[in-house]
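Below is one structure; the comments refer to it alone.
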2 protein chains.
Amino acid sequence: MAKTRQSTQLQPQPLYKKAELEMTGRIASGRWKAGSILPNEFALAEEFGISQGTVRKALMAMEARGLLSRAPGRGTMVCRTTPEESLYAFFRLRDAEGAMVVPVLRTESIEIGEPTEAERAVLGQKCARVARLYRVRENEGRPFVLEHMSFDAARIEGVADDSPLPSSLYPYLHDRFGMFIVKVHEEVTADVAPEDVAQALEIAPGTPVLRTKRIAHDLSDRAVELRQSWYRTDFASYQVELSRSDS
Amino acid sequence: MAKTRQSTQLQPQPLYKKAELEMTGRIASGRWKAGSILPNEFALAEEFGISQGTVRKALMAMEARGLLSRAPGRGTMVCRTTPEESLYAFFRLRDAEGAMVVPVLRTESIEIGEPTEAERAVLGQKCARVARLYRVRENEGRPFVLEHMSFDAARIEGVADDSPLPSSLYPYLHDRFGMFIVKVHEEVTADVAPEDVAQALEIAPGTPVLRTKRIAHDLSDRAVELRQSWYRTDFASYQVELSRSDS
DNA sequence: AAGTGGTCTAGACCACCCT
DNA sequence: GGGTGGTCTAGACCACTTA
């Protein structure tokens with residue numbers, strides 16, 4: 001029966017990988033929008049000219065990456081980053097009991113300007129103007145983090161008109177500009193609060209603070225955000241789970 | 001042909017999950033030792049009374065967790081935590097260029113004592129004695145981290161006889177005591193160096209340092225180590241990659 | 001040359017969700 | 001009741017490692 005093996009195994013890329021790249025591209029380009037339901041496995045298989053099992057392998061990999069949500073009876077859906085819950089995918093601050101602190105937005109300001117050398121190095125040499133977003137968040141009435149974010153202004157044209165932006169920035173960027181951030185690199189260090197940070201966080205200058213530098217990447221693995229944050233350490237700390245296998 | 005579907009789908013656990021648990025248990029118990037080659041997929045399938053494809057699904061999940069290493073022609077091997085390279089699965093300190101710092105062991109001391117309340121809370125109430133390991137590591141001749149580690153002494157009986165221990169502690173624990181650490185929770189905060197830490201790290205008291213608290217878990221998900229570390233921040237920082245999907 | 005895992009296909013039954 | 005993904009099986013060809 002299974003005689004017609006076309007034996008096109010010469011491809012450097014396995015078929016399931018090609019299917020995954022194709023489908024990831026459709027999400028990145030906005031052709032498949034967040035929340036929409038994909039065609040079923042057999043339809044995709046026919047479209048790609050591969051078998052249903054191979055499509056499934058690609059779909060399951062994308063589900064594992066958090067791009068898709070699958071359920072029997074319902075189908076396969078493009079994940080929405082949207083609701084507040086899902087936003088905190090990259091928010092690692094927890095209190096002493098391990099509970100997530102609720103970071104309520106207190107102040108926000110936006111400016112457009114010339115990129116610095118550091119910003120250009122991250123966002124790309126072609127970046128002509130940067131949009132900078134400054135925020136202070138509070139928890140239970142006390143300020144606890146100051147955030148400085150930089151984006152290529154061309155990629156989020158008109159952002160200033162929406163200010164104040166939603167507290168959950170990434171779902172907003174996804175819905176408004178199709179900027180889907182899926183991975184961030186974060187660098188954590190200890191520092192003493194400089195004057196301006198101390199003032200924003202309402203602590204004495206010289207108090208130790210956590211300082212993080214983040215580079216966020218979109219679906220195409222482009223660096224799209226540069227962020228620096230200063231955290232008070234008196235009621236929350238930075239917590240992560242590390243496993244063998246994530247090198 | 002495929003008529004004999006026993007339809008025993010009433011099981012709450014899928015067959016591949018049961019196979020994975022069984023095989024994980026064999027590694028945890030030492031029945032399958034690090035570095036050894038497993039029987040091939042068909043042999044395992046016959047032993048478990050399931051098909052080769054189902055065994056493969058379990059094996060691939062274990063490979064993704066970093067427990068197994070698979071390669072065509074060679075077979076499936078239980079990962080060794082051993083060589084220096086692999087040890088640093090949980091070591092997150094990188095210099096400004098993102099290169100891993102080489103943490104050379106400078107001093108080490110071991111003591112056995114009564115568990116504190118905090119140690120008992122993590123290591124278990126049945127823990128009667130704790131083995132504490134104190135280390136200072138240096139990089140390019142400069143001390144940069146002070147580590148305090150606590151274990152249930154009963155689980156690493158005789159550890160003091162091996163002092164000084166290898167620089168890479170986890171491979172040693174794996175080989176010597178079958179303690180296979182696969183996951184750690186780490187909590188990072190900023191602090192000013194207390195007197196003793198400052199002395200060990202050769203910095204002025206009051207200098208800001210990164211302080212991390214780690215709880216390490218073995219294959220059975222037991223908390224087996226409590227560790228507190230203080231890092232100088234002048235030539236390395238704590239760096240992590242975060243992805244959507246790891247909640 | 002023999003044996004392994006990697007890829008791919010085809011098809012079965014099931015639980016579940018929706019209308 | 002029709003359709004979806006979840007599970008499981010069976011079998012094919014391939015590239016690679018090892019000896």
Side-chain angles (χ1 to χ4, degrees), chain A residues 1-23 32 35-79 245, chain B residues 1-23 32 35-79 245:
Chain A
M1 324 306 196
K3 275 287 180 52
T4 59
R5 284 280 305 134
Q6 60 265 58
S7 172
T8 0
Q9 191 65 3
L10 271 291
Q11 333 158 24
Q13 287 261 74
L15 298 182
Y16 68 84
K17 201 68 195 171
K18 293 166 84 167
E20 183 182 344
L21 286 175
E22 167 62 26
M23 294 191 286
W32 282 349
S36 62
I37 300 291
L38 269 56
N40 72 32
E41 297 175 345
F42 287 97
L44 291 169
E46 186 178 359
E47 184 191 345
F48 296 148
I50 60 181
S51 79
Q52 171 259 353
T54 303
V55 168
R56 169 168 295 191
K57 186 162 180 175
L59 291 171
M60 292 206 311
M62 293 172 72
E63 184 183 25
R65 289 174 60 195
L67 299 182
L68 299 177
S69 157
R70 289 156 58 80
R74 181 165 55 71
T76 299
M77 191 184 71
V78 180
C79 275
S245 81
Chain B
M1 328 309 191
K3 275 288 180 52
T4 59
R5 284 281 305 132
Q6 62 266 57
S7 170
T8 359
Q9 192 64 4
L10 272 291
Q11 334 157 24
Q13 288 261 74
L15 298 181
Y16 68 84
K17 201 69 195 170
K18 293 165 85 166
E20 183 181 343
L21 285 174
E22 167 63 23
M23 293 191 287
W32 281 350
S36 63
I37 301 291
L38 270 56
N40 72 32
E41 298 175 344
F42 287 97
L44 290 169
E46 186 178 359
E47 183 190 346
F48 296 147
I50 61 182
S51 79
Q52 172 259 353
T54 303
V55 168
R56 169 168 295 191
K57 186 162 183 176
L59 291 172
M60 293 206 310
M62 293 171 72
E63 184 184 25
R65 290 174 60 196
L67 298 181
L68 299 177
S69 155
R70 289 156 58 81
R74 183 165 52 72
T76 299
M77 191 184 71
V78 180
C79 277
S245 82

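Every heavy atom of this structure was used, including side-chain atoms; hydrogens, water molecules and symmetry mates were not. Letters A, B, ... mirror the listed sequences (proteins, then strands); counts begin at 1.
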Who pairs with P72(A) by side-chain contact (heavy atoms from CB on, under 4.5 Å), at least two apart in sequence or on another chain? none
Just the table, please: protein N/O against nucleotides 16-19 of chain C N/O, every pair under 3.5 Å.
none

Atom CE of M60(A) and atom P of dC8(D) are separated, to the nearest Å, by 12 Å
Ranking dC8(C), dC8(D), dT9(C) by distance to the side chain of Y16(B), first place goes to dC8(D)
At their closest point, which heavy atom of G35(B) faces which heavy atom of M77(B), and how far apart are they? O-CG, 3.4 Å
Once you round it to whole Å, what is the distance between C1' of dC13(C) and CD of Q52(A)? 13 Å
Among residues 36-48 of chain B, which contact DNA chain D at a heavy-atom distance under 4.0 Å? none
Of the listed nucleotides dG6(C), dC8(C), dT9(D), the one nearest the side chain of T54(B): dT9(D)
Could you walk me through whether L68(A) and M23(A) pass the side-chain contact (heavy atoms from CB on, under 4.5 Å) check? CA-CA 10 Å; L68(A) 299 177; M23(A) 294 191 286; 5.9 Å; no
The criterion is side-chain contact (heavy atoms from CB on, under 4.5 Å); which residues satisfy it with T54(B), sequence neighbours excluded? L15(B), Y16(B), I50(B), S51(B)
Classify the nucleic acid contact of I50(B) as base, sugar-phosphate or nothing, counting any heavy atom under 4.0 Å across all strands shown. sugar-phosphate
Residues 60-70 of chain A vs side chain to side chain donor-acceptor pair (under 3.5 Å), sequence neighbours excluded, gives E20(A)-R65(A), E41(A)-R70(A), S69(A)-R74(A), R70(A)-T76(A)
What residues form a salt bridge (charged side-chain N to carboxylate O under 4.0 Å, His left out) with E47(B), not counting sequence neighbours? R26(B)
Residue-phosphate contact under 4.0 Å: T76(A) side-chain N/O, dG5(D) OP1/OP2: yes
Is there a side-chain contact between L67(B) and V78(B) (heavy atoms, below 4.5 Å)? no
With rounding to the nearest 0.5 angstrom, report the CZ to NZ distance, F48(B) to K18(B). 11.5 Å
To the nearest Å, how far apart are L15(A) CG and dC13(D) P? 17 Å
Over 12 foreign heavy atoms within 6.0 Å of CD, E22(B): yes
Rounded to whole Å, the CG-P distance (L68(B) to dG6(C)) equals 11 Å
Grab the NZ-P distance between K57(A) and dG6(D) for me, whole Å please. 16 Å
Separation of E63(B) atom CD from dT4(C) atom C1', in whole Å? 13 Å
Atom CE of M62(B) and atom P of dG5(C): how far apart are they, to the nearest Å? 13 Å
